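A short worksheet on the structure shown next.
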Amino acid sequence: MSADQTAPDETAPDPVQGGPAWWTSAIVYQIYPRSFADSDGDGVGDLGGIIGKLDYLAELGVDVLWLSPVYQSPHYDNGYDISDYRQIDPVFGTLEQFSDLLAGAHHRGMKLVMDLVVNHTSHEHEWFKEASSSVTSPKRDWYWWREPREGFDAGAPGAEPTNWGAAFSGPAWTLDPHTGQYYLHLFAAQQPDLNWENPEVRSAIYDMMNWWLDLGVDGFRMDVINYISKDPTLPDGVVPPGGLWGDGGPHFISGPRIHDYLQEMHREVFTGRSADLITVGEMPGATVKEALLFTDPVRRELDMIFQFEHVELDYGPGGKWDYRGLNLADLKTSWTRWQHGLATTGWNSLYLNNHDQPRLVSRFGDDAGLRYESATLWATLLHLHRGTPYIYQGEELGMTNVPFASIEDFSDLESVNYFAEATTVLGMDPEEVLASIRIMSRDNARTPVQWSGEAHAGFTTGEPWLSVNPNYLSINAEADRVAEKSIYSHYQRLIRLRHESAAVRLGEFTLLEADHPTLYAFTRSHDGETLTVVGNVSGEKLALPNGLGHGECLLGNYRDAGAGKSDPGWLRPWEARVLSTSPAVHEFV
Ligand code: GLC
């Protein structure tokens, strides 16, 4: 067996029923409720809006809907700062409407997964209000409190208990003037970190999870779940060259008790429940080795994870805002390593887009002249890997990044805080900072879904909370669905292919032409069936080496690809083809 091959295996066995788990054939669709569809004209998407689009989602063919947070929240981080885990925020609707949504999804054969944000709460959560009321509060220890650094007065520069920076700029500690101690927040100051060392915290969270499962939800996407276990001694981190803050990551990423906590959660919440549920852990910084531990079914932790390696390959040495562009060779190496690493045990998620990432067609493709071709090329490559594909709202329409004019156009606290810190403390040129925010800001993914060419893209009858991308007149669902080159239809075909093909679900992955600079090619083999996937990751015509283009075309992104008119020796700009070399195949094109 060559280094590029994986051992054949029916992986990801369902620990309860034996054979491969149901989610090996599933496709998940992520909804960011604020920006999906607004039913009441207040400019913010809501549950009523989602209910109105359930047929659209069912027609697409997806199996699972993941809802970004709809819980009560002051919305400093658009709902990732929860102030009541058991209430729907009034801006989104009511619990009754939520039940209607759940029933509507189930009626159409789709599952509904909730976002679970339990590394931190909102600073407006009752737990935090109680905890911060006094150092002797019974809930004080539900969060991380520390005295100022020895020798420093509270509030003085450098008095933070550790030198850690927060993910959204500034220090990871904020002083509570009332009690004179600092609290830890790995994200914004409005998102205090829960202290999972405290068994009462864990049990309150498990109760809440059980409450939602009893209501009928089908599982959880767990926000930064590999951050919940911190080294309780909280050591200082290393300050990178030119950086302001220490990197606390080594002391909280997949920390000392993470596996204990997840196994405990499994016992307290999932044991004895249906195998039809799904759990996915968002895990920045997770390695293949760790992923194996998190998702090996016999360990009873999680079904799959979101890892970040492939969406950080275009970062420069300065990180996210130091964008360098993607080198295809790096992506091949990374994805191949993950495919091999989880080939016989464990499972991965497949994604290029979500609410935290810029739009894939702008980042990795050509969002102008060859938008359809490049969007569908990336979709094809992604969906043909082994793992569970995730589609982020608007991705199926080829929505693009946004031409933000000035910093005032941004809403996301990560972008806004970074701009402030970079242009003041770091003394950087505002135009330069703005240029990098335009490329990488999360707001690129958060403008309203473009449903039609009507006012505000048919998203709302009011004023949208974040302006619609001005290209909505040509890029919208209505136009795409009747277009000859429909991105939505391409996704439908990819979804059908996964549903029908065991090779797509379970096939052994082998990378081909590892050193080719613009060709991404691989095979998936299972039970005598082999699929060959070839993709031209460039806007230039590409000559296929070694007879790679031969075989029956099951699916392609150029219309004539399946009718035998294309030249098997060449790929056109951004062309992708899925070829079968086995006898009995379906015609998908
Ligand atoms: C996760 C979410 C992101 C959020 C952060 C803090 O990374 O995906 O949107 O801002 O956690 O909750």
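Here the structure is a predicted model, which is why all the values come from computation and not from measurement. Order of listing sets the numbers, starting from 1, for every ligand and every atom in it.
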Open item on the list: Suppose we screen for side chain to side chain contact (heavy atoms under 4.5 Å, CB included). Which residues come up paired with N417, at least two apart in sequence or across chains?
Closed with: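 With neighbours one apart ignored, the set is F168, S169, L413.
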
Task: Criterion side chain to side chain contact (heavy atoms under 4.5 Å, CB included) against N353, the qualifying member of E395, M399, Q393 - done: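 Going through E395, M399, Q393 one by one, the side chain to side chain contact (heavy atoms under 4.5 Å, CB included) with N353 is satisfied by E395 alone.
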
TODO: Applying side chain to side chain donor-acceptor pair (under 3.5 Å), name anything that partners N226, two or more places apart in sequence or on another chain.
DONE: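 For N226, no residue satisfies side chain to side chain donor-acceptor pair (under 3.5 Å) once neighbours in sequence are set aside.
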
- [ ] Please list, chain by chain and in numerical order, all residues satisfying side chain to side chain donor-acceptor pair (under 3.5 Å) with T447, sequence neighbours excluded.
- [x]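 Scan of T447 (side chain to side chain donor-acceptor pair (under 3.5 Å), adjacent residues dropped) gives none.
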
Task: Close aromatic pair by centroid cut-off 6.0 Å: Y392 and Y351 - done: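 No.
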
Task: Neighbouring residues of ligand 1, heavy-atom cut-off under 4.0 Å - done: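 Lining ligand 1 at under 4.0 Å, by heavy atoms, one finds D77, Y80, H120, F168, F187, Q191, R221, D223, V224, E282, H355, D356, R442, R446.
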
Task: Nearest heavy-atom neighbours spanning P235 and W164 - done: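 Smallest interatomic distance, heavy atoms only, reads O-NE1, 2.8 Å.
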
